[in-house]
Amino acid sequence: MLVPMVAPNSKLQSLSSNFITRAYTRAIRWAFARFYREFAWTYDTVAALVSLGHWPEWGRAALPFLAGRTLELGCGTGNLQRALARRADAPWSLGLDASPQMLAISRRKLAREQLPARLVRGVAQALPFPNASFDTIVATFPSEYILDPASARELRRVLRPGGRAVVLLAAAFGSDGPYQRALGWLYRLTLQRPPSRPAEHQPASLLARRLAEHGFAVDERWQPAGGHAVHLLLAERV
């Protein structure tokens, strides 16, 4: 959320700035909703542009942490589902997304490679699965649904005891050039975390606190991904 700088004695200016901020945030959310649905066909191209082509590589950083029956939240255009299905030791996996357009793209990709397409339409806040259905739940670069307390409750409900949630929250370029700096401006303009080089300190996220409140043992760190890094969160159901 953007925080306007306001003179403390200017109540009218504060109200106006807050209104503008809320309106801008709503407009960005509306635009992303269209991007995930009517304009889902542009998703892979946009992802390539804003990651310098590293988006699939960043997502694959989650693969070593996936085991057993695996549910992917927000499977999008199916890149991680394809990567999972190609593995010789691939775990049984299922992809879930709220967008029918994203799911249609995923099905086409998987069908082209004659890979299994286990895809379900749904939302993380109300997962259509029985209790203790999965060993692992993964989400790569999820939108704000992941912070909803209902999502945390559902993660705990459908994971088996000892099961694990694997979340990639963000990525960071390994270098900082003019294009990366321009992308950072674009990320901030759209109220997202820019992919700047990670700080040396241990990351600490709101999601980690949220999951800990719902009975998860949480570890998060910067995980190498090629010459880059991803903000990895591992949360075990205890």
Side-chain angles (χ1 to χ4, degrees), residues 31-129 133-146 148 151 154-155 158-159 163-171 190 192 195 223 225-226 228 230-234:
F32 270 110
R34 305 285 70 74
F35 177 51
Y36 294 137
R37 292 180 180 261
E38 291 92 333
F39 293 95
W41 56 274
T42 69
Y43 183 90
D44 286 333
T45 299
V46 172
L49 289 172
V50 301
S51 67
L52 288 175
H54 297 291
W55 195 264
E57 177 187 5
W58 291 348
R60 289 194 298 270
L63 289 175
F65 304 95
L66 310 183
R69 289 176 61 88
T70 298
L71 169 66
E72 182 186 4
L73 302 179
C75 64
T77 60
N79 292 322
L80 190 62
Q81 288 297 301
R82 290 165 64 210
L84 277 167
R86 291 174 184 151
R87 287 173 57 180
D89 59 343
W92 186 96
S93 66
L94 183 148
L96 176 139
D97 205 288
S99 166
Q101 292 90 344
M102 289 287 194
L103 291 174
I105 294 170
S106 295
R107 287 193 182 92
R108 288 197 295 271
K109 285 184 178 180
L110 291 163
R112 278 198 301 267
E113 298 184 38
Q114 298 183 325
L115 298 172
R118 291 181 289 265
L119 303 169
V120 174
R121 187 180 180 190
V123 296
Q125 297 93 328
L127 294 172
F129 309 111
S133 297
F134 297 97
D135 301 294
T136 307
I137 296 176
V138 60
T140 59
F141 313 116
S143 58
E144 60 188 356
Y145 75 81
I146 200 71
D148 192 326
S151 296
E154 284 292 88
L155 287 178
V158 304
L159 274 173
R164 182 162 63 180
V166 179
V167 185
L168 299 184
L169 286 171
T190 55
Q192 299 179 86
Q223 180 74 15
H228 311 274
V230 293
H231 181 174
L232 170 70
L233 183 148
L234 304 173

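- Interatomic distance, Ile105 CD1 to Trp41 CH2, rounded to the nearest 0.5 Å: 10.0 Å.
- Leu103 is listed as a side-chain neighbour of Cys75, based on a closest heavy-atom distance under 4.5 Å.
- The heavy-atom pair separating Pro64 from Arg60 by the smallest distance is CD-O, 3.9 Å.
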Please test Leu71 against Thr136 for side chain to side chain contact (heavy atoms under 4.5 Å, CB included), starting from the C-alpha separation and ending with a verdict. CA-CA 6 Å; Leu71 169 66; Thr136 307; over 6 Å; no
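- Side-chain contact between Asp97 and Glu72: absent, with no pair of heavy atoms (C-beta onward) separated by less than 4.5 Å.
- Distance alone, capped at 3.5 Å, places no donor-acceptor pair between the Arg34 side chain and the Phe39 backbone.
- Residues Arg37 and Ala98 share a closest heavy-atom pair of NH2-O, 3.2 Å.
- Pro128 approaches Val120 most closely through the heavy-atom pair CG-CG1, 4.1 Å.
- Of all heavy-atom pairs spanning Leu66 and Pro91, the tightest one is O-CG, 4.5 Å.
- Taking the six-membered ring where the residue is Trp, Tyr43 and Tyr36 present tilted rings, their angle falling between 30° and 60°.
- In this structure, Glu144 and Phe32 have side chains that are not in contact, with every pair of non-hydrogen atoms separated by 4.5 Å or more.
- The two atoms that bring Ala62 and Val138 nearest to each other are CB-CG2, 4.0 Å, heavy atoms only.
- Using bins of under 30°, 30° to 60° and over 60° for the plane-to-plane angle, the ring pair Phe141/Trp58 lands in the perpendicular bin.
- The backbone N or O of Tyr145 lies less than 3.5 Å from a partner atom in the side chain of Ser151, making a donor-acceptor pair.
- Scanning both residues, Ser106 and Leu119, for their nearest heavy atoms gives CB-CD1, 3.7 Å.
- For the pair Pro142 and Leu73, the minimum side-chain heavy-atom distance is 4.5 Å or more.
- Rounding to the nearest 0.5 angstrom, the gap separating the CG atom in Leu96 from the CD atom in Gln81 is 10.0 Å.
- Using a 4.5 Å heavy-atom cutoff, the side chains of Val166 and Thr70 are not in contact.
- With rounding to the nearest 0.5 Å, the separation of CZ in Arg69 from OG in Ser133 is 6.5 Å.
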Take Leu115 and Lys109, measure what side chain to side chain contact (heavy atoms under 4.5 Å, CB included) needs, and give me the verdict at the end. CA-CA 9 Å; Leu115 298 172; Lys109 285 184 178 180; over 6 Å; no
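- With contacts defined as side-chain heavy-atom distances shorter than 4.5 Å, the pair Leu52/His228 does not qualify.
- Environment of CD in Glu113: crowded, with over 12 heavy atoms of neighbouring residues, nucleotides or ligands closer than 6.0 Å.
- With a 4.5 Å cut-off on side-chain heavy atoms, Arg82 and Leu110 count as touching.
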